[in-house]
2 protein chains.
Amino acid sequence: MNDSAFIKNIASLVDCNRDALQSLRSMKIESSTTGRGYDISKSGYRSEFICIMLEGWAARYSLRSDGSRRITGFLLPGDFCGIHAVCQSAMDHSIGAITSCVVGRVHVNVVQKIIDDYPEIGRAFWQAKLRDEISLRAWLVVADDALHSISYLLCEIFEKLGALKRKRTDFVTLPITQTHIGDALGLTAVHVNRTLRRMREMGLIDTKGRALRVLDVARLKNVAGF
Amino acid sequence: MNDSAFIKNIASLVDCNRDALQSLRSMKIESSTTGRGYDISKSGYRSEFICIMLEGWAARYSLRSDGSRRITGFLLPGDFCGIHAVCQSAMDHSIGAITSCVVGRVHVNVVQKIIDDYPEIGRAFWQAKLRDEISLRAWLVVADDALHSISYLLCEIFEKLGALKRKRTDFVTLPITQTHIGDALGLTAVHVNRTLRRMREMGLIDTKGRALRVLDVARLKNVAGF
DNA sequence: CGCCCTTTTGAAGAAAATCAAGGGCAGTGG
DNA sequence: CCACTGCCCTTGATTTTCTTCAAAAGGGCG
């Protein structure tokens, strides 16, 4: 149960043989817990470790000069971050724990060795990076309208949750607040709130506190252009 | 003169030995010209070739359902695109020629072989991807204000031009229109125009047609948070 | 119970889009 | 050589979208 989300994530990206997967499973992982609101990794930090999300939600974010926060991506169990380390580059952004997070840390040399031994694993990392990049580009593309943006973000999150094989993916209690959504999309929490209300009125979704149900998945995807 | 911008680009990212560079220089490149306004690569296309910009300016872009265009990055000589091919993934966006472009195409197998032979070249490609990703994230972060966005974009472009070793980088005739700037930042051309006027009034820049001079580099970077 | 965080809603204001029109400049063709 | 055409820049007036400021209500938790 522990790191299986990560293994599944990798395995879903490329065909890899049993040995390759076994080498991933036997990676020496040092795991620790980061409390909600604390940073898992800080901008400017030059780590020698790659972080694997084992439990909880986290966000990539940057702070602007006026103190406002921009979230540039969400990290769910199975996701990883800090591949910068392979290039010995400093982090250009921080990773903050949205909920309490259990994070596994693997030394970059261990990862490098596995990549060297199993090129398909290397390709999987490439794919994962590519997926991040595609997501970033998509966020730029949808960022012309609050309704589009929010719909798109919800679709993306629900798809990620689906990959984690939850039973129901159309009805979930999300750990993120409306402020998080706003920070992710460059909107104020107030405007997110109003737009969510509009989406309720449109019959797209239903919310009760932080529980969110998608009433019309097809239409939501359509609105989002997903 | 031909591919030197690309070689310089790679060489600037990692330490690589003479053999590695030589293998890059001797890559079999098939070059062709794409007319201004035409696509160098199209969204959804699954190419077996990597494109290297030899001459001209191009843009990564996506079309929205309403027909509007979002530019997600500019490509200058020395830049490359289509690394998707290494992962056998389809392009998630198109590449359009802003000016007439000379593009070199290298088969993915050739690139793969060089990466296999010279790991440092592989790291350089990683670095380049990382740089793209950082740029994408930065665009998201600055996208809260027209003045910031435009200033940031100008800084980024001038820095890229600087890396191409132009004599003057503070006074350049850019091939991009105000519409391009707007498409890149999610603004209308009209608003870009007004903001540029404001920047002129602030004494940051001076424009004459498409010729652009940065009057106060330090202050521009400061405004941009670059 | 009381506190803090989040959600919700209202009213006013700022930022950017839209609509519209005029002008400059370069290329094209008579 | 000059008129024509298309593209781009520029500016004004108006409308929409989003923010800001403010306040109240709900919900979880020590």
Side-chain angles (χ1 to χ4, degrees), chain A residues 35-38 57 59 64 66-71 96-100 140 142-151 153-154 173-202 205-213 223, chain B residues 35-38 57 59 64 66-71 96-100 142-151 153 173-202 205-213 223:
Chain A
R36 170 193 146 137
Y38 289 90
W57 285 43
R64 287 193 268 249
D66 65 352
S68 64
R69 174 184 307 253
R70 174 83 196 214
I71 289 175
I98 293 176
T99 64
S100 179
L140 280 172
V142 299
D144 65 330
D145 176 81
L147 182 62
H148 283 160
S149 304
I150 295 180
S151 303
L153 180 61
L154 290 181
T173 301
L174 300 176
I176 56 174
T177 66
Q178 294 178 2
T179 301
H180 286 127
I181 297 177
D183 287 348
L185 302 175
L187 303 168
T188 57
V190 171
H191 194 57
V192 169
N193 184 283
R194 286 190 229 278
T195 306
L196 283 174
R197 176 164 58 128
R198 193 144 67 94
M199 290 172 73
R200 277 199 302 271
E201 286 162 5
M202 289 169 71
I205 58 171
D206 188 30
T207 61
K208 237 177 224 153
R210 223 166 287 177
L212 197 150
R213 155 173 279 150
V223 168
Chain B
R36 169 193 147 138
Y38 289 90
W57 284 44
R64 288 193 267 249
D66 65 353
S68 65
R69 175 184 307 253
R70 174 83 198 214
I71 291 175
I98 292 176
T99 65
S100 180
V142 298
D144 65 329
D145 177 81
L147 182 62
H148 284 160
S149 303
I150 295 180
S151 303
L153 180 61
T173 300
L174 300 176
I176 56 174
T177 65
Q178 293 178 359
T179 300
H180 285 125
I181 297 177
D183 287 348
L185 302 174
L187 303 168
T188 57
V190 172
H191 195 57
V192 170
N193 184 284
R194 285 191 229 277
T195 307
L196 284 174
R197 178 166 55 131
R198 194 145 66 94
M199 291 172 72
R200 278 198 301 272
E201 287 162 3
M202 289 170 71
I205 59 171
D206 189 29
T207 62
K208 239 176 222 152
R210 224 166 286 176
L212 197 150
R213 155 174 280 152
V223 168

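What you see below is based on every heavy atom in this structure, not just the backbone, and it leaves out hydrogens, waters and symmetry mates. A, B, ... follow the sequence lines: proteins, then strands. Residue 1 opens every chain.
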Rounding to an integer number of Å, can you tell me how far [X] [atom1] sits from [N] [atom2]?
| X | N | atom1 | atom2 | answer |
| --- | --- | --- | --- | --- |
| A:His148 | D:dT17 | NE2 | P | 12 Å |
| A:Ile181 | C:dT6 | CD1 | P | 13 Å |
| B:Ile98 | D:dC8 | CD1 | P | 12 Å |
| B:Asp183 | C:dA16 | CG | C1' | 15 Å |
| B:Asn193 | D:dC9 | CG | P | 8 Å |
| A:Ile176 | C:dT7 | CD1 | C1' | 14 Å |
| A:Arg194 | D:dT20 | CZ | C1' | 10 Å |
| B:Leu196 | C:dA16 | CG | C1' | 15 Å |

(message) To check you understand the geometry: which heavy-atom pair defines the closest contact between A:Met199 and A:Leu154, and what is its length?
(response)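 Shortest heavy-atom separation between A:Met199 and A:Leu154 comes out as CE-CD1, 4.1 Å.
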(message) To check you understand the geometry: which heavy-atom pair defines the closest contact between B:Ala211 and B:Thr173, and what is its length?
(response)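 Minimum heavy-atom separation between B:Ala211 and B:Thr173: CB-OG1, 3.7 Å.
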(message) Out of the candidates B:Ile205, B:Val142, B:Val223, B:Thr195, only one should pair with B:Ile150 under the side chain to side chain contact (heavy atoms under 4.5 Å, CB included) rule; please name it.
(response)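 Passing option: B:Thr195.
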(request) For D:dT11, take OP1 and OP2 only and decide whether either is under 4.0 Å from a side-chain N or O of B:Arg197. (result)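 So the side-chain polar atoms of B:Arg197 do come within 4.0 Å of the phosphate oxygens OP1 or OP2 of D:dT11, strictly under.
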(message) So, does A:Gln178 get its side chain near the phosphate of C:dC5, meaning an N or O under 4.0 Å from OP1 or OP2?
(response)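 False: A:Gln178 side-chain N/O out of range (4.0 Å or more) of C:dC5 OP1/OP2.
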Over all strands shown, is [X] touching base, sugar-phosphate only, or nothing at heavy-atom distances under 4.0 angstrom?
| X | value |
| --- | --- |
| A:Gly37 | nothing |
| B:Gly186 | sugar-phosphate |
| B:Ala189 | nothing |
| A:Arg36 | sugar-phosphate |
| B:Arg210 | sugar-phosphate |
| B:Thr188 | base |

(message) For B:His148 and B:Ser151, which I'm curious about, is there any donor-acceptor pair between the side chains at under 3.5 Å?
(response)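 Note: B:His148 and B:Ser151 side chains miss the donor-acceptor criterion.
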(request) Could you walk me through whether A:Leu174 and A:His180 pass side chain to side chain contact (heavy atoms under 4.5 Å, CB included), step by step? (result) CA-CA 11 Å; A:Leu174 300 176; A:His180 286 127; over 6 Å; no
(message) For a 4.5 angstrom cut-off between non-hydrogen side-chain atoms, does A:Asp144 reach B:Arg70?
(response)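 SC-SC contact between A:Asp144 and B:Arg70 ruled out.
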(request) Would you mind reporting whether A:Met202 and A:Leu147 have side-chain heavy atoms less than 4.5 Å apart? (result)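 In contact.
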With 3.5 Å as the limit, what N/O pairs link the protein to nucleotides 24-30 of chain D?
none

(request) Let me know, please, whether B:Arg200 or A:Leu187 comes out on the 5' side of the other along DNA chain D by nearest nucleotide. (result)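 Per heavy-atom nearest nucleotide, the more 5' residue is B:Arg200.
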(request) Quick one: do A:Ile181 and A:Leu153 satisfy side chain to side chain contact (heavy atoms under 4.5 Å, CB included)? Show the steps, please. (result) CA-CA 8 Å; A:Ile181 297 177; A:Leu153 180 61; 4.0 Å; yes
(message) Closest approach to the side chain of B:His191, judged atom by atom: which nucleotide of C:dA16, C:dC19, C:dT8 is it?
(response)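 My answer, after comparing the listed nucleotides, is C:dA16.
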(request) Mark yes when over 12 heavy atoms from residues, nucleotides or ligands other than A:Arg36 sit less than 6.0 Å from its CZ; otherwise mark no. (result)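 Result for CZ/A:Arg36: open.
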(request) Give, for atom CG of B:Asp183 and atom CZ of B:Arg69, the distance between the pair rounded to the nearest 0.5 Å. (result)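 B:Asp183 atom CG to B:Arg69 atom CZ measures 6.5 Å (nearest 0.5 Å).
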(request) Can you pull out how bent the helix from C:dC1-D:dG30 to C:dG30-D:dC1 is, comparing the axes over its first five and last five pairs, to 10°? (result)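 Roughly 30° between the end axes, to the nearest 10°.
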